[in-house]
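This report refers to the structure that appears directly beneath it.
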Amino acid sequence: MTLAPEPNIPAGFATNRRINPSKLGILLFIAAEIMFFSGLISAFVVFRFSPVQWPPAGQPRLPLEVTAVNTLILLFSGFTFFLTFNALKASQEDRFKKLLTLTAILGLAFLLVQGFEWIRLLHFGLTLHNSIFGGFFYCLVGVHALHVVGGLAALLYVLSRAWGGAYSAQKNLGVELCQMYWYFVVGLWPILFALVYL
Amino acid sequence: MDSKTPSVNHTAIFSALVVLALCGVGIFFLHLPIILNNFSIFAVAIVMAGLVFFQYMDLKSEGKLIYWIMVIPMVLFAILFVLFIPDVCHYSIDFLKGL
């Protein structure tokens with residue numbers, strides 16, 4: 001695929017319609033991820049929306065309050081990432097780095113709280129194999145947690161490059177791609193939280 | 001697109017997300033009938049996800065084609081949901097007969 005503008009197309013028209021290949025790639029990846037989670041969620045919803053008692057009797061109660069606060073932490077990380085990108089576009093390098101660090105800390109906090117709650121649930125007897133409730137819980141929440149780990153790895157990579165001065169108001173594609181993926185992870189969580197915990 | 005998109009107050013959107021998250025938890029504690037409860041909570045969650053995707057994932061400056069990439073999985077997702085409605089209805093009818 002050539003990137004040279006076609007001669008018969010008016011100036012500016014071709015560039016406006018062209019999608020950045022990196023953005024296209026990350027969006028296709030997110031589209032595939034949406035389909036992946038669609039399969040998991042739809043299977044879960046059949047059980048969740050049936051009038052059969054849910055969660056089944058004898059299962060540990062999920063930590064609703066802690067996870068609700070954790071949800072706010074993840075949502076706040078999305079907000080700080082938005083501010084991060086704005087700071088970069090405004091050439092506020094110092095603010096950009098600090099906000100990006102804060103976003104990474106919030107993501108890490110979300111993950112640590114999730115991990116801590118998982119350990120507690122395992123001690124209470126909720127395992128992957130002992131019921132379909134446990135299976136769905138660890139599958140849905142676990143797969144999302146893996147995506148947070150992936151997002152966090154990308155975030156830490158971007159963060160290390162940011163502290164090395166790799167990004168500027170004009171050169172910010174890496175931050176933008178990481179941001180898009182992070183928003184996918186953040187946007188997906190309220191749906192999983194509502195389905196699994198509420 | 002060259003047209004300037006109206007600026008969005010992202011602090012207000014974050015506040016809305018917090019309020020919606022609290023609403024979702026609040027609905028849970030209202031102990032509504034199960035179907036109403038589930039659909040209400042799910043609707044709130046969808047709105048939250050929509051706010052994050054459409055307001056925070058800043059794609060407004062991109063060409064419209066980029067939206068079509070996201071439309072395809074959304075449509076397939078919707079089809080998938082429609083396909084399991086008979087299962088959910090089947091459960092519900094059985095449950096209502098048992099009352």
Side-chain angles (χ1 to χ4, degrees), chain A residues 12 16-20 23-24 27-28 30-39 41-43 45-54 64-65 67-69 71-72 75-76 78-83 85-86 176 179-195 197-198, chain B residues 1-2 10-11 13-14 17-18 20-22 24-25 27-29 34-35 37-59 62-66 69-74 76-78 80-81 83-85 87-88 90-92 94-96 98-99:
Chain A
N16 286 341
R17 288 178 63 87
R18 184 171 295 149
I19 298 170
N20 183 302
K23 283 187 187 176
L24 179 65
L27 276 175
L28 285 172
I30 290 172
E33 293 285 38
I34 289 173
M35 287 312 301
F36 172 68
F37 276 99
S38 301
I41 290 171
S42 59
V45 165
V46 172
F47 283 92
R48 176 73 169 78
F49 278 55
S50 69
V52 177
Q53 189 185 2
W54 192 268
L64 176 61
E65 292 82 3
T67 313
V69 173
T71 301
L72 296 181
L75 288 173
F76 189 56
F79 181 58
T80 56
F81 213 151
F82 171 79
L83 296 178
F85 197 61
N86 269 9
E176 196 173 359
Q179 188 189 38
M180 287 168 77
Y181 179 73
W182 193 253
Y183 286 147
F184 164 69
V185 170
V186 172
L188 180 66
W189 178 249
I191 295 176
L192 296 181
F193 172 66
L195 280 172
Y197 287 85
L198 297 179
Chain B
M1 285 194 297
D2 285 333
H10 287 81
T11 309
I13 289 168
F14 174 66
L17 285 170
V18 173
L20 285 169
L22 296 175
V25 177
I27 290 169
F28 173 76
F29 285 111
I34 185 166
I35 294 175
N37 180 70
N38 290 347
F39 276 106
S40 311
I41 288 169
F42 198 53
V44 169
I46 292 282
V47 171
M48 288 174 73
L51 280 175
V52 174
F53 287 137
F54 293 111
Q55 298 298 337
Y56 278 173
M57 198 183 280
D58 195 14
L59 299 175
E62 302 297 330
K64 284 182 179 173
L65 184 61
I66 213 158
I69 297 166
M70 302 311 287
V71 163
I72 293 165
M74 291 298 180
L76 291 172
F77 186 41
L80 201 61
F81 258 75
L83 285 177
F84 68 69
I85 283 174
D87 280 333
V88 175
H90 177 72
Y91 281 129
S92 303
D94 283 351
F95 177 71
L96 291 172
L99 289 176

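Letters go in sequence order (proteins before strands), and every chain restarts at 1. These numbers were taken from a predicted model, which means no experiment stands behind them.
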Seminar exercise, completed: Honestly, the part of A:Phe184 sitting under 4.5 Å from a heavy atom of chain B is both

Problem set entry | Min side-chain heavy-atom separation B:Phe29-A:Leu64 under 4.5 Å | yes

Problem set entry | Nearest non-hydrogen partners of A:Ile191 and B:Ala49, listed with the distance | CD1-CB, 3.6 Å

Problem set entry | Side chain proximity check, A:Leu75 to B:Met48, heavy atoms < 4.5 angstrom | yes

Exercise. Which of these, A:Phe82, A:Trp182, A:Trp189, A:Tyr183, sits in a side chain to side chain contact (heavy atoms under 4.5 Å, CB included) with B:Val52?
Worked result: A:Tyr183

Exercise. What part of A:Leu188 gets closer than 4.5 Å to chain B, counting heavy atoms only: side chain, backbone, both or neither?
Worked result: backbone

Problem set entry | Part of A:Phe76 within contact of chain B (heavy atom distance under 4.5 Å) | both

Seminar exercise, completed: CG of B:Leu17 to CZ of A:Phe79, rounded to nearest 0.5 Å, is 10.0 Å

For this session: Return the option, out of A:Ser42, A:Ala194, A:Ala32, with the maximum number of heavy-atom pairs under 4.5 Å with chain B.
Result: A:Ser42

Exercise. Is any side-chain heavy atom of B:Val25 closer than 4.5 Å to a side-chain heavy atom of A:Phe193?
Worked result: yes

